[in-house]
A.B. asks: 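This is the structure I have questions about; it appears just below.
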Amino acid sequence: MKRHVIVGLGEILWDVFPDGPRFGGAPSNFACSAAELAGGRAEVCLVSAVGDDELGRRAIEALSTHGVNTSAVQWADQPTGQVQVELDPAGVASYRFAQDTAWDNLVWNRTVQQMAETCDAVCFGTLGQRSAESRRVIQQFVRATPAAALRILDVNLRSPFFDDSVILESLELANFLKLNDNELSRLAGMCAAEGTDIEQLRQIANRFQLHGIALTRGADGAILICGPEESDLPGQPAEVADTVGAGDAFTAAMTLGLLANTPVKQINQHAIAVAAWVCTQKGATPAFPSSML
């Protein structure tokens, strides 16, 4: 069986909770979860940047602990990214991001190019494109992937670091979309999509010629559409510690299932279970129990 190459593309940062910093960033969370869930069946890499500081060195160590290939993580003059995280009584997070950090200053190099040309799946978002420099590198990377590669856009809208042009440019590059129910409202408005959630998702998929689309709805489960097939499943009960990283873990499980040509309903079931389990843990990148693999 082919050992797939999976790439997370974008931000590395530390989520600073009231009780201290925890490693995170959507592409980093995705990469850590994918490497854990793959159990050696895939090579999972991250394209990002850290500062030459304590948090940067700890980030590389955290990625390596989860089995992520860090050869394309760059060392920048700017500090490693941080975000202040606040949790409401239900454990739902809100975020305040530091400005001009390492991941805002990605550069194109031979290592990045080679990774793009050999990857089977890449996951990228809009937050990582908040600076013009990193936006150019991220979009160039996605364009350089093989025609058969999965190009997954996890829109990951974080106000005020996005606008309609970045969303539309990213949708034109992607062939698979992952979003949550709040983000669906934004995209449906942009695309004049109407009707039920599934009808709106299909209208968005048709407009941008996407192979598939996933909608996560927190405790209400998820919808997964792949071509003519679709799966609409409820959530799984979970005692929530915090929700950070749950959506990224869903995307990681979904990506592995898509690469393995697993049936759509089975992919959705597993991804929902993985996301629910992450909600029971503190932080975005827990080690998964063998029952989740």
Side-chain angles (χ1 to χ4, degrees), residues 8-33 46-60 62-63 68 70 73-88 90-107 123-139 141 152-167 169-170 178-180 182-183 185-187 216 218 242-251 278 282-285:
L9 176 60
E11 65 271 19
I12 285 178
L13 50 81
W14 286 84
D15 294 318
V16 182
F17 287 83
D19 60 353
R22 302 177 198 159
F23 181 63
S28 309
N29 299 340
F30 165 83
C32 289
S33 292
L46 185 66
V47 176
S48 189
V50 295
D52 187 9
D53 50 33
E54 179 62 22
L55 288 181
R57 289 182 283 276
R58 287 174 61 187
I60 297 296
L63 290 162
V68 176
T70 61
V73 176
Q74 302 166 10
W75 295 92
D77 294 333
Q78 294 76 15
T80 301
Q82 294 186 48
V83 54
Q84 300 293 322
V85 181
E86 296 180 358
L87 301 175
D88 70 13
V92 177
S94 59
Y95 308 89
R96 190 157 41 87
F97 291 83
Q99 299 287 333
D100 192 26
T101 58
W103 57 268
D104 293 304
N105 293 273
L106 296 181
V107 298
C123 183
F124 69 108
T126 50
L127 176 60
Q129 300 181 66
R130 70 176 183 174
S131 73
E133 294 82 3
S134 290
R135 187 181 313 133
R136 281 194 297 269
V137 171
I138 287 170
Q139 294 190 8
F141 186 102
I152 302 168
L153 172 62
D154 182 352
V155 286
N156 194 27
L157 301 181
R158 294 286 183 262
S159 183
F161 304 118
F162 66 89
D163 57 37
D164 288 358
S165 64
V166 172
I167 297 171
E169 288 170 5
S170 299
K178 181 262 180 182
L179 71 172
N180 62 34
N182 291 327
E183 293 158 349
S185 298
R186 173 81 184 211
L187 267 67
T216 56
D242 67 59
T243 60
V244 182
D248 305 317
F250 179 99
T251 309
V278 170
K282 288 187 176 182
T285 57

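Computed from a predicted model, the values in this text were never measured in an experiment.
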A.B. asks: Got a sec, which residues hit ring pair (Phe, Tyr, Trp, His ring centres under 6.0 Å) with W14, two or more places apart in sequence or on another chain?
C.D. replies: F23

A.B. asks: Does I167 reach the side chain of L157, with side-chain heavy atoms less than 4.5 Å apart?
C.D. replies: yes

A.B. asks: Start with the C-alpha gap between V50 and W75, add the side-chain angles, then the distance that decides, and say whether side chain to side chain contact (heavy atoms under 4.5 Å, CB included) holds.
C.D. replies: CA-CA 5 Å; V50 295; W75 295 92; 3.6 Å; yes

A.B. asks: Which pair of heavy atoms, one from L127 and one from E11, lies closest together, and at what distance?
C.D. replies: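 For L127 and E11, the tightest heavy-atom pair comes out as CD2-OE2, 3.4 Å.
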
A.B. asks: Without swapping roles, check the side chain of E169 against the backbone of V166 for a donor-acceptor pair under 3.5 Å.
C.D. replies: no

A.B. asks: Just how far is it from atom CZ of F124 to atom CG of L153, taken to the nearest 0.5 Å?
C.D. replies: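 Reported to 0.5 Å precision, the distance equals 4.5 Å.
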
A.B. asks: I would like to know whether S131 and N105 meet side chain to side chain contact (heavy atoms under 4.5 Å, CB included); could you show each step before the answer?
C.D. replies: CA-CA 8 Å; S131 73; N105 293 273; 6.0 Å; no

A.B. asks: Checking side-chain polar atoms at under 3.5 Å, does T251 have a donor or acceptor matched by the opposite partner on D248?
C.D. replies: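 Short answer, no.
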
A.B. asks: Between K178 and D154, is the closest basic N to carboxylate O distance under 4.0 Å?
C.D. replies: yes

A.B. asks: Which heavy atom of S28 sits nearest to which heavy atom of I12, and what is that distance?
C.D. replies: OG-CG1, 3.2 Å

A.B. asks: Tell me whether S170 contacts the main-chain N or O of T126 through its side chain, where contact means a donor paired with an acceptor under 3.5 Å.
C.D. replies: no

A.B. asks: Distance-only, no hydrogens or angles: does the S48 side chain make a donor-acceptor pair with backbone N or O of G10 under 3.5 Å?
C.D. replies: yes

A.B. asks: Looking at CD of E86 and CZ of R96, how far apart are the two atoms once the value is rounded to the nearest 0.5 Å?
C.D. replies: 6.0 Å

A.B. asks: Please answer whether the main-chain N or O of V16 pairs with a side-chain N or O of Q82 as donor and acceptor at a distance below 3.5 Å.
C.D. replies: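 No.
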
A.B. asks: With the side chain counted from C-beta on, respond yes when N29 and V278 share a heavy-atom pair under 4.5 Å apart, and no when they do not.
C.D. replies: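 Heavy-atom side-chain distance check fails, nothing below 4.5 Å.
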
A.B. asks: Would you say CG of D77 has more than 12 non-hydrogen atoms from neighbouring residues, nucleotides or ligands within 6.0 angstrom?
C.D. replies: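 Not more than 12 within 6.0 Å, no.
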
A.B. asks: CZ of R57: more than 12 outside heavy atoms within 6.0 angstrom?
C.D. replies: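 More than 12 within 6.0 Å, yes.
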
A.B. asks: Which is it for Q78 and Q99 under the side chain to side chain contact (heavy atoms under 4.5 Å, CB included) test, yes or no, and what are the steps along the way?
C.D. replies: CA-CA 10 Å; Q78 294 76 15; Q99 299 287 333; over 6 Å; no

A.B. asks: Considering non-hydrogen atoms only, spot the tightest contact between W103 and G81 and give its length.
C.D. replies: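 Nearest pair, atom of W103 first, then G81: NE1-CA, 3.8 Å.
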
A.B. asks: Out of Q74, E133, R136, Q129, which one pairs with L106 under the side-chain contact (heavy atoms from CB on, under 4.5 Å) rule?
C.D. replies: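 Exactly one option meets the side-chain contact (heavy atoms from CB on, under 4.5 Å) with L106, and it is Q74.
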
A.B. asks: Could you tell me the separation between the CG atom of D104 and the CZ atom of F97, rounded to the nearest 0.5 Å?
C.D. replies: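 Separation between the atoms: 10.5 Å.
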
A.B. asks: Would you check if the side chain of T101 reaches a backbone N or O of T80 as a donor-acceptor pair within less than 3.5 Å?
C.D. replies: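 No; zero donor-acceptor contacts below 3.5 Å.
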
A.B. asks: Find the distance between CG (L55) and CD1 (I60) and round it off to the nearest 0.5 Å.
C.D. replies: 12.0 Å

A.B. asks: Heavy atoms only: give me the nearest L9-P27 pair and the separation to one decimal.
C.D. replies: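 Residues L9 and P27, closest heavy atoms: O-CG, 3.5 Å.
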
A.B. asks: So, using salt bridge (Lys or Arg N to Asp or Glu O under 4.0 Å) as the criterion, who are the partners of R135 when residues are at least two apart?
C.D. replies: none

A.B. asks: For the residue pair V73 and L46, what are the closest heavy atoms and their distance?
C.D. replies: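 Closest heavy-atom pair between V73 and L46: CG2-O, 3.6 Å.
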
